[in-house]
Amino acid sequence: MIQYIAPVFIGLLYALLMSLIREPHRRRFNAIMVGGAGAAYLSGGGLDGWEFAFTVVATYVAYRGLESWTFIGVGWLLHTAWDIVHHVKGNPIVPFAHGSSLGCAICDPVIALWCFRGGPSPLRYFRKGRPEEPAATALPDSLSAGQAAGNG
């Protein structure tokens, strides 16, 4: 039973720890994290050339995630699907832990849901008198700067 509950807590802990990073750096850091997750099976996932194909898709989604929490959430859901494929047919994400891909498949949607909400800081509930920084926009920085200057 713990193998199903622990990954949920790991996903929640991930969101909590990410709260220590201020926006917009939090979003960009998470885009890098989901890009790395997309390449996690490259050195032994057991699905041959499909590992490279998935990594290409994950890299594109992570790149788009640099400016969009939605793409980061999509990346985590894609990784969830890839974890399930590996649990059923391929090799586990952690070679010496047979159920690690299943655990990852349970953890990743928790992170994805947090991303779809815009990666808010759970720490804001514990802070007194200090409001959360504004949520990151999906606009690229150059567009945001142009609109702020009245050029948009």
Can you check whether Trp76's main-chain N or O pairs, donor with acceptor, with Thr80's side chain at less than 3.5 Å? yes
If you compare all heavy atoms of Ser100 against all heavy atoms of Pro92, which two are closest, and at what distance to 0.1 Å? OG-CB, 3.4 Å
Checking Ala62 now: which residues fulfil side-chain contact (heavy atoms from CB on, under 4.5 Å) with it, not counting sequence neighbours? Val34
Rounded at 0.5 Å granularity, tell me how far SG in Cys104 sits from CD1 in Ile84. 10.5 Å
Enter the distance from Met18:CE to Arg27:CZ here, rounded to the nearest 0.5 Å. 14.5 Å
Testing the 3.5 Å rule here: is there a donor-acceptor pair between the side chains of Asp83 and His87? no
Criterion side chain to side chain contact (heavy atoms under 4.5 Å, CB included) against Thr59, the qualifying member of Val57, Thr55, Val61: Thr55
Which pairs, with at least one residue in residues 44-63 and sequence neighbours excluded, count as a ring pair (Phe, Tyr, Trp, His ring centres under 6.0 Å)? Phe54-Trp82
Quick one: pull up OG1 in Thr70 and CZ in Arg117 and give me the separation to the nearest 0.5 Å. 13.0 Å
With sequence neighbours left out, what residues match Ala6 under side-chain contact (heavy atoms from CB on, under 4.5 Å)? Ile2
Do the side chain of Arg26 and the main chain of Ile21 share a donor and acceptor less than 3.5 angstrom apart? yes
For Val110 versus Ile106, what's the shortest heavy-atom pair and its separation? CG2-O, 3.8 Å
According to a 4.5 Å side-chain heavy-atom criterion applied to Ile, Leu, Val, Met, Phe, Trp and Tyr, with indirect links allowed, do Met33 and Leu66 form part of one hydrophobic cluster? no
Give the intermediate values and the outcome of side-chain hydrogen bond (donor to acceptor under 3.5 Å, both in side chains) for residues Asp108 and Tyr14. CA-CA 10 Å; Asp108 291 350; Tyr14 177 90; over 6 Å; no
Return the minimal non-hydrogen interatomic distance between Phe116 and Leu77, and the atom names on each side. CE1-CD1, 3.6 Å
Note, His86 side chain near Glu51 side chain (heavy atom, < 4.5 Å): yes
Say whether, by atom type as modelled, one donor and one acceptor occur between the side chain of Ser101 and the main chain of Ile93 under 3.5 angstrom. yes
Roughly how far, to the nearest 0.5 Å, is CD1 of Ile72 from CD1 of Ile32? 9.5 Å
In the single-linkage hydrophobic clustering (I, L, V, M, F, W, Y; side-chain heavy atoms under 4.5 Å), do Phe9 and Leu17 co-cluster? no
Roughly how far apart are Ile10 CD1 and Ile5 CD1, rounded to 0.5 Å? 12.0 Å
Minimum heavy-atom separation for Pro122 to Leu16, with atom names? CB-CD1, 4.1 Å
Do you reckon Ile111 sits in the same ILVMFWY cluster as Phe29, going by side-chain contacts under 4.5 Å, direct or chained? yes
Determine whether Leu42 and Phe96 fall in the same hydrophobic cluster, where Ile, Leu, Val, Met, Phe, Trp and Tyr are linked whenever their side-chain heavy atoms lie under 4.5 Å apart. no
Whether the side chain of Trp69 engages the backbone of Gly118 through a donor-acceptor N/O pair (distance < 3.5 Å, no angle test) should be reported. yes
